[in-house]
Amino acid sequence: MSLKVAVQMDPLETINIAGDSTFAIMLTAQARGHQLFHYQAGDLSYRDGRVTAPARPVTVQRVAGDHFTAGDPVVIDLADDVDVVLMRQDPPFDLAYITATHLLERIRDRTLVVNDPESVRNAPEKLFVLDYAQFMPPTLITRRLEDARAFHAEHGEVVVKPLYGNAGSAVFHVGRNDANLAALTELFGQVWREPFMVQAFLPDVSKGDKRIVLIDGKPTGGINRLPKDGEIRSNLAAGGRADPTELTAREMEICAAIGPELAKRGLLFVGIDVIAGHLTEINVTSPTGIVAIDRFNDTDTPAIIWDVIEAKVAARG
């Protein structure tokens with residue numbers, strides 16, 4: 001099976017091919033004989049029922065500094081000209097991101113969109129996870145200082161983070177005797193219109209924050225991300241270090257609980273974050289981590305992804 005694949009992502013020129021999950025997926029697609037096109041979310045247009053984008057045909061190779069070759073852009077109809085759209089642009093999950101999901105939703109009956117755009121829109125990382133509160137640390141979502149103070153008093157140490165942040169940005173640890181909660185609440189209210197999230201601090205974050213990848217609802221592996229000295233953030237983008245890991249019984253229980261719903265929603269490639277057995281996020285917009293997972297476990301997650309995509313396209317007839 002040879003597919004035409006449109007990849008909606010950030011500029012190819014800016015990616016770090018050593019760890020970029022989308023690049024790894026593109027390499028495997030190309031090795032399987034699939035034709036690749038690249039465009040950015042801001043290139044999408046809608047007119048007369050058609051969703052189009054000026055896309056460059058690309059070839060990719062694992063050569064730093066010379067990792068892709070692109071042809072001249074051609075305007076493609078995402079319903080008629082391609083078989084698969086990979087929605088892989090990085091957050092922030094803002095109105096531009098939401099608009100892209102609305103446009104791609106209009107073509108998903110004719111073209112397989114991964115992940116399903118309606119489900120991505122309805123499953124923001126820090127809100128969808130609330131469906132599985134039994135696995136989460138104590139959590140508050142609010143804009144009210146009074147509620148944040150009461151939560152802080154109850155739990156002693158908390159973490160405050162924006163509801164639609166990513167890559168560990170603007171994540172703050174508020175200690176037991178820390179007097180900065182009011183200032184943080186004021187700052188968050190000035191920068192973001194949305195509520196923010198407050199969670200009980202998990203001291204075992206120093207032992208790692210696991211990123212576990214699920215493909216079509218099934219766990220395929222994980223990495224343990226360790227924060228650097230003086231940090232609580234273990235995100236690789238924030239300087240964290242990846243170590244190999246095995247999934248615990250508790251983590252397998254979490255995967256078994258959420259996996260069927262992910263598959264039902266068409267959330268084919270998902271990354272969940274687990275700290276000390278507590279589920280903190282379900283990442284569906286542009287999850288990462290598969291390069292490190294495959295390096296440590298000698299697995300091939302992009303091949304698993306394409307096995308699923310190819311089967312779903314074939315099932316459409």
Side-chain angles (χ1 to χ4, degrees), residues 3-11 21-22 25-26 29 34-56 73-131 163-164 166 193-194 214-217 258-272 281-288 305-306 308-317:
L3 303 176
K4 292 183 177 179
V5 180
V7 186
Q8 176 177 299
M9 63 180 292
D10 298 322
S21 293
T22 307
I25 293 169
M26 293 173 72
H34 304 323
Q35 184 178 2
L36 297 170
F37 297 87
H38 170 268
Y39 70 93
Q40 296 184 58
D43 294 328
L44 289 171
S45 294
Y46 169 89
R47 181 178 179 181
D48 298 330
R50 300 172 65 235
V51 179
T52 62
R56 298 181 297 173
V74 293
V75 176
I76 58 173
D77 184 318
L78 293 178
D80 291 337
D81 296 335
V82 296
D83 304 293
V84 180
V85 171
L86 299 181
M87 187 169 63
R88 291 288 303 170
Q89 77 270 21
D90 287 339
F93 187 77
D94 55 12
L95 283 174
Y97 211 112
I98 290 172
T99 300
T101 68
H102 278 291
L103 293 176
L104 291 180
E105 187 180 354
R106 294 181 175 274
I107 57 100
R108 65 176 179 171
D109 59 330
R110 297 169 64 182
T111 301
L112 179 66
V113 183
V114 178
N115 286 326
D116 178 83
E118 179 184 11
S119 294
V120 167
R121 186 172 66 247
N122 291 339
E125 341 279 40
K126 296 181 182 69
L127 290 175
F128 179 33
V129 69
L130 300 178
D131 288 357
L163 202 57
Y164 297 104
N166 68 296
R193 296 182 60 188
E194 303 84 13
L214 296 95
I215 305 301
D216 204 26
I258 70 176
E261 184 64 21
L262 299 179
K264 177 183 174 182
R265 293 185 180 215
L267 295 170
L268 189 151
F269 179 10
V270 173
I272 66 172
E281 292 188 18
I282 301 176
N283 298 274
V284 305
T285 49
S286 184
T288 60
I305 291 171
W306 283 108
V308 174
I309 290 175
E310 290 164 6
K312 289 183 180 296
V313 172
R316 287 170 166 242

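All values below come from the heavy atoms of this structure, side chains included, with hydrogens, waters and symmetry mates left out.
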Under 3.5 Å, is there a donor-acceptor pair between the side chain of [X] and the main chain of [Y]?
X: Asp43; Y: Ala53; result: no
X: Glu118; Y: Thr101; result: no
X: Ser119; Y: Arg265; result: yes

Would you mind listing every salt bridge (charged side-chain N to carboxylate O under 4.0 Å, His left out) that reaches into residues 83-102, with sequence neighbours excluded? none
Those residues at least two apart in sequence (or on a different chain) that pass ring pair (Phe, Tyr, Trp, His ring centres under 6.0 Å) with Tyr97 are Phe93
Taking all heavy atoms of [X] and all of [Y], pick out the closest pair and write down the distance.
X: Ala29; Y: Leu36; result: CB-CD2, 4.0 Å
X: Asp216; Y: Ala263; result: O-CB, 3.6 Å
X: Val120; Y: Met87; result: CG2-CE, 3.7 Å
X: Gly271; Y: Pro287; result: N-CB, 3.6 Å
X: Val82; Y: Leu78; result: CG2-O, 3.5 Å
X: Leu86; Y: Val84; result: CD2-CG1, 4.0 Å

Pair Val114, Val308 - check side chain to side chain contact (heavy atoms under 4.5 Å, CB included), show working. CA-CA 11 Å; Val114 178; Val308 174; over 6 Å; no
So do the side chains of [X] and [Y] get within less than 4.5 Å of each other, counting heavy atoms only?
X: Phe128; Y: Ile258; value: no
X: Glu125; Y: Thr285; value: yes
X: His38; Y: Met9; value: yes
X: Phe269; Y: Ile215; value: yes
X: Gln89; Y: Ser286; value: no
X: Gln8; Y: Tyr39; value: yes
X: His34; Y: Leu3; value: yes
X: His102; Y: Tyr46; value: no

When rounded to the nearest 0.5 angstrom, what is the spacing between [atom1] in [X] and [atom2] in [Y]?
X: Leu44; Y: Leu103; atom1: CG; atom2: CG; result: 5.5 Å
X: Arg56; Y: Ile76; atom1: CZ; atom2: CD1; result: 12.5 Å
X: Lys4; Y: Thr111; atom1: NZ; atom2: OG1; result: 11.5 Å

Does this structure show an ion pair linking Asp116 with Arg108, if we count only N-O contacts that are shorter than 4.0 Å? yes
Take Lys312 and Leu268 through the test side chain to side chain contact (heavy atoms under 4.5 Å, CB included) and record every step on the way to the result. CA-CA 11 Å; Lys312 289 183 180 296; Leu268 189 151; 3.9 Å; yes
Tell me which one of Asp131, Leu130, Val129 satisfies side-chain contact (heavy atoms from CB on, under 4.5 Å) with Leu127.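 Answer after filtering Asp131, Leu130, Val129: Leu130.
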Would you say that more than 12 heavy atoms from the other residues, nucleotides or ligands in this model lie under 6.0 Å from the CZ of Arg47, or not? no
